[in-house]
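This report concerns only the one structure given below.
Here the structure is a predicted model, which means the values were calculated and not measured.
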Amino acid sequence: MTILRVAVIGLGIGGKIHLDAISSSNYFKAVACIGPLSDSNRNVAQHYAVPIYPSIEDCLSFESIECVIIASPNNFHLAHVRFCIENKIPCLLEKPLSSSLNEAYEIVKYYDSHNFHKVLVGHHRAHSLILNKSIAIISSGCLGELVGIQGSAQFYKPDSYFDDGPWRRNPGGGPVLINMIHEIDILRRLAGEIATVYCVCSSKVRRFPVEDSSAIIFEFVNGAIGTFFLSDCVPSSRSWELTSGENPAYPRQSTDCYFVSGTEGSLAIPSLTVERYSSLSERSWWNSLSSKSPEFLSNDPIIAQLCHFYQVILDNQAPKVTIYDGFNNMLIADAILKSSRQGVKINIRAYS
């Protein structure tokens, strides 16, 4: 088995998650990390027993690397992914593509102008067993015609989260781009392409320059509608992190954070509970619903994503999450923020 030598750019929460995954992988070996030469970053490098370099250029002067994981702050993504594409270094680029839609578009243009496509975007939930089973249930037709979807990402980020990454207090680092970007990818995979968005954002709790809470209404191309509530300042278990059990860093809570509604049944996620009537003729709120839940299943999507990255590099497998997927998710996120600023519904097709 070929073991690939990987460098990780960025030593914050995301970078350390990837270094942990690499440590348990049979496919990769971390040979360097890249970031400012601060005491905290040096401690991270020492913990993982890898050298630290201030730039990818410095790293390549001393190390032989075969791939890169980009987990730097969002505003550095453009420079880092352009370097990797230009030098034909396979890379896993953490979401979002960048801190602004204009920079994300620059990434797409640069990608399109170079004949190098071993770039995987880090929407890791695309590799989730829970999500893929949910997609299979919806695709089976047992819910009937899709009517709507409700989602929630509510949690409390401690002060240390912002102290460790002060950029998270500023535009480009709010929960819409950091957290909602994941949910947009999930919504598109569950319910299809998004046609319009309308959003109200608030920063009244933390009073940062970026939002701490958002209420969003979606219309989908297929005619379904959806709602989503996002907040990083409320004690709640209704989020993917706290309900899926996929990341052991978060204590799993036995509740759901997504509800998919169809004309013949409904689906709760991540429990995968399906509610239906015994027959179509029995559909009435006066009658009892049957409820069916499979045995709870879960995997570590970060590990699954890393395995897929290996196949992209060595087996020329097409990336499951492409640059274009990442851009479309970024486009929706940008439209959400624009809707909040302007107080209007945004038509995605006209916006793009």
Side-chain angles (χ1 to χ4, degrees), residues 95 122-155 175-176 178-194 197 214-232 234 236-277 289-305 320-321 325 329 332-333:
K95 56 76 204 168
H123 282 286
H124 64 274
R125 293 181 194 166
H127 306 272
S128 161
L129 287 177
I130 294 169
L131 178 58
N132 285 291
K133 179 61 176 177
S134 300
I135 294 169
I137 291 171
I138 295 168
S139 299
S140 74
C142 71
L143 304 186
E145 181 182 353
L146 188 63
V147 175
I149 184 168
Q150 294 174 284
S152 169
Q154 302 179 58
F155 35 71
V176 169
I178 291 179
N179 304 108
M180 189 66 207
I181 197 82
H182 278 305
E183 314 303 337
I184 291 167
D185 193 66
I186 288 178
L187 288 165
R188 293 178 59 228
R189 292 177 189 277
L190 291 175
E193 293 303 329
I194 295 168
V197 299
S214 303
I216 310 162
I217 299 174
F218 296 95
E219 292 178 296
F220 294 86
V221 171
N222 58 21
I225 56 177
T227 62
F228 201 97
F229 183 65
L230 166 72
S231 181
D232 69 10
V234 294
S236 173
S237 60
R238 292 195 178 276
S239 68
W240 191 277
E241 288 88 350
L242 291 173
T243 61
S244 68
E246 292 174 344
N247 186 339
Y250 298 102
R252 181 179 170 247
Q253 309 295 310
S254 298
T255 188
D256 290 298
C257 61
Y258 275 88
F259 299 88
V260 183
S261 305
T263 54
E264 298 178 25
S266 61
L267 169 67
I269 307 171
S271 69
L272 301 180
T273 301
V274 174
E275 292 186 319
R276 288 169 49 92
Y277 290 105
L289 286 155
S290 65
S291 178
K292 183 179 180 181
S293 302
E295 182 179 352
F296 186 80
L297 75 163
S298 182
N299 68 332
D300 185 336
I302 294 288
I303 296 293
Q305 177 181 250
K320 187 176 179 69
V321 185
D325 293 320
N329 292 337
I332 303 296

field: Spacing of CG belonging to Leu267 relative to CD belonging to Glu275, to within rounding of 0.5 Å
entry: 10.0 Å
query: Are any side-chain N or O atoms of Arg189 and backbone N or O atoms of Leu131, one a donor and one an acceptor, separated by less than 3.5 Å?
result: no
- request: Give a yes or no on whether a salt bridge exists between Arg252 and Glu241, defined as a side-chain N under 4.0 angstrom from a carboxylate O.
  value: no
message: Between Phe228 and Tyr258, is there a side-chain heavy-atom distance shorter than 4.5 Å?
response: yes
- prompt: So, for Thr243 and Ser237, which heavy atoms are closest and what is the spacing to 0.1 Å?
  reply: CG2-O, 3.2 Å
- prompt: Atom CD1 of Ile269 and atom CD1 of Ile138: how far apart are they, to the nearest 0.5 Å?
  reply: 5.5 Å
Glu246 and Ser128 side chains, donor-acceptor separation under 3.5 Å: yes
query: Distance from Ile186 atom CD1 to Ile130 atom CD1, nearest 0.5 Å?
result: 9.5 Å
N/O donor-acceptor pair under 3.5 Å between Asp300 side chain and Ile302 backbone: yes
- prompt: Can you check side-chain hydrogen bond (donor to acceptor under 3.5 Å, both in side chains) on Gln154 and Ser152, steps first, answer last?
  reply: CA-CA 6 Å; Gln154 302 179 58; Ser152 169; 2.9 Å; yes
- request: Please lay out, stage by stage, how Asn329 and His123 fare under the test side-chain hydrogen bond (donor to acceptor under 3.5 Å, both in side chains).
  value: CA-CA 10 Å; Asn329 292 337; His123 282 286; 3.2 Å; yes
- request: Before accepting this row, confirm whether a basic side-chain N of the pair Arg125/Glu183 lies closer than 4.0 Å to the acidic partner's carboxylate O.
  value: yes
task: Please report the closest heavy-atom contact between His127 and Ala304, naming both atoms and the distance.
output: CB-CB, 3.8 Å
task: Could you tell me which non-hydrogen atom of Thr273 sits nearest to which non-hydrogen atom of Ser291, and how far apart they are?
output: CG2-OG, 3.2 Å
query: For Leu146, does its backbone N or O pair with a side-chain atom of Asn222 as donor and acceptor, under 3.5 Å?
result: no
